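A quick note: this is a predicted structure, and the numbers were derived from the prediction, not measured. This chain uses plain numbering: 1 for the first residue, then up along the sequence.
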Amino acid sequence: MVNDQEIPQDTNNAQASPASPQQGDTVRKSVDYWGYIVLAAGVGALLWGLVSAVGTGRGYWEYTSGLKGVAGAFLLGLVAILIGAVHGWRTRKAINPPPRARRWIGMLVAFLYVGWVGTFLISALTVPAIHDVSTDLADPPAFQTLTLRADNLDNIPGADDKDMRGLTPQQRWALVHQKAYGDIRSVRSNDPVPVVIAKAERLAKARGWDIAISLLEEGHLEATETSAFFRFKDDVVLRVRPSETGKGSIVDMRSVSRVGVSDLGMNAKRVRSFLADLTGTVTAAP
């Protein structure tokens, strides 16, 4: 005979859900491959760019190869940002979305690198492709100790421009320079020539420049500034002459890059900043 009191108990056991996880079962999670790809691409772009720049500065390869590496890393960073954005969009409504941390870290690193390189690209598009900046275009200060690069005026833009056709490279350089940096001109100082040169030498040393020559009485100073990563060298010459009235001095400055076609506006920034600190003004001398 079947015990009637045991029937409800058997019925409850039969209604147990077969889909319920049993003790010892493990939940398998899919690997977030795209997250790892974004992280690797973002960090890889930063490392690639830094190695390209530092390796160039240490002389392991030519600067052109280093610039190609920086450009390649820039593209890799863009890819990391794009993949991360698309992956995030596709998984935004997923029931069990993949971890976001590695994807966000990869995108953030890539964004920082792309933004840093992007500032130089913007500068390249907004300044002329010249690397020689002077306060005096008719009579630029001349180097005595440091050597001006042999191809200094070989690639001045405008050779095929109908408005500049027939002009010499130096004439084209003066026109392009005047249009882009019309504010950079000779400035006046109330101090005599030796005092101006002595102050210029102190300012140059404070900026970490290497002094090539400093002649107080002759009003002449030459120095070199070296960039941090690529170790690019830009040469500077300062010419200080007594004013026509005999009171104070007229200061001219020239800054020239040793390599490259465009300086991304760095020489102009250097001249403006240095003369402002040296004379306390950017007012042009009469």
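- The structure places CZ of R272 at 14.0 Å from CG of D277, a figure rounded to the nearest 0.5 Å.
- Distance CG/N267 to CD/E225: 9.0 Å, rounded to 0.5 Å.
- The closest side-chain donor-acceptor pair between R149 and N152, if any, does not fall under 3.5 angstrom.
- Summarising the geometry of L121 relative to F74, their closest heavy-atom pair is CD1-CZ, 3.7 Å, with the distance given to 0.1 Å.
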Discussion item. The test is side-chain contact (heavy atoms from CB on, under 4.5 Å); show your working for N155 and H131 and say whether it passes.
Written reply: CA-CA 10 Å; N155 297 299; H131 51 264; over 6 Å; no
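- T135 places a side-chain N or O within donor-acceptor distance of the main-chain N or O of M253, the cut-off being under 3.5 Å.
- By the 6.0 Å contact criterion, CG on D160 is open, its count of non-hydrogen atoms from other residues, nucleotides or ligands being 12 or less.
- D234 and R258 get closest at one heavy-atom pair: OD1-N, 4.1 Å.
- Side-chain atoms of H87 and D32 include a donor-acceptor pair closer than 3.5 Å.
- Residues D252 and S186 bring a donor and an acceptor atom of their side chains to less than 3.5 Å of each other.
- By the criterion of side-chain heavy atoms lying less than 4.5 angstrom apart, applied directly or through intervening Ile, Leu, Val, Met, Phe, Trp or Tyr residues, Y113 is not grouped with W48; the two fall into different hydrophobic clusters.
- A donor-acceptor pair is defined here as one N or O able to donate and one able to accept, closer than 3.5 Å; no such pair exists between the side chain of Q170 and the backbone of L153.
- Rounding to the nearest 0.5 angstrom, the gap separating the CG atom in L216 from the CD1 atom in I197 is 7.0 Å.
- At distances below 3.5 Å, at least one donor-acceptor pair connects side-chain atoms of S249 with backbone N or O atoms of V193.
- Hydrophobic clustering of Ile, Leu, Val, Met, Phe, Trp and Tyr side chains at less than 4.5 Å, counting indirect connections, unites V196 with L221.
- Within 6.0 Å of the CG atom in D161, the count of heavy atoms belonging to other residues, nucleotides or ligands exceeds 12.
- Counting only distance, with no hydrogens or angles, the side chain of S227 and the backbone of F229 share no donor-acceptor pair below 3.5 Å.
- Residues V70 and L46 share a hydrophobic cluster, clusters being chains of Ile/Leu/Val/Met/Phe/Trp/Tyr side chains in contact below 4.5 Å.
- Note that the CG atom of L39 and the CZ atom of R103 stand 12.0 Å from one another [nearest 0.5 Å].
- Taking each heavy atom of R188 and T279 in turn, the nearest pair found is O-CB, 3.9 Å.
- The aromatic rings of H177 and W173 sit perpendicular to each other, their planes meeting at more than 60°, with 30° as the lower class boundary.
- The neighbour count for F143 CZ, taken as heavy atoms of other residues, nucleotides or ligands under 6.0 Å away, is above 12.
- Grouping the Ile, Leu, Val, Met, Phe, Trp and Tyr side chains by contacts below 4.5 angstrom, directly or via other members, places F274 with V187.
- Between G77 and A45, the closest heavy-atom pair is N-CB, 3.7 Å.
- Residues V236 and S255 approach most closely at CG2-OG, 3.8 Å, considering heavy atoms.
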Fill in: Candidate pair V271 and Y181, rule side-chain contact (heavy atoms from CB on, under 4.5 Å), full reasoning
CA-CA 11 Å; V271 171; Y181 307 126; over 6 Å; no
Practice prompt. Show your reasoning for whether side-chain contact (heavy atoms from CB on, under 4.5 Å) applies to R239 and D136.
Written response: CA-CA 10 Å; R239 181 183 66 198; D136 189 342; 3.1 Å; yes
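- Between the side chains of D210 and T224, no donor N or O sits under 3.5 Å from an acceptor N or O.
- The distance from atom CZ of R254 to atom CG of L137, rounded to the nearest 0.5 Å, is 10.0 Å.
- Under a hydrophobic clustering in which Ile, Leu, Val, Met, Phe, Trp and Tyr are joined whenever their side-chain heavy atoms come within less than 4.5 Å, directly or via other members, L264 and V176 fall into different clusters.
- Counting heavy-atom neighbours within 6.0 Å of R207 CZ, excluding the residue itself, gives a total above 12.
- The line from CH2 of W209 to CZ of R270 is 6.0 Å long, rounded to the nearest 0.5 Å.
- Closest of all the heavy-atom pairs between S257 and D263 is OG-CB, 3.6 Å.
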Worksheet item: Is there a side-chain contact (heavy atoms from CB on, under 4.5 Å) between L278 and L203 once you walk through the steps?
Response: CA-CA 8 Å; L278 179 63; L203 288 174; 3.9 Å; yes
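- Looking at T126, its side chain does come within 3.5 Å of a backbone N or O of S123 through a donor-acceptor pair.
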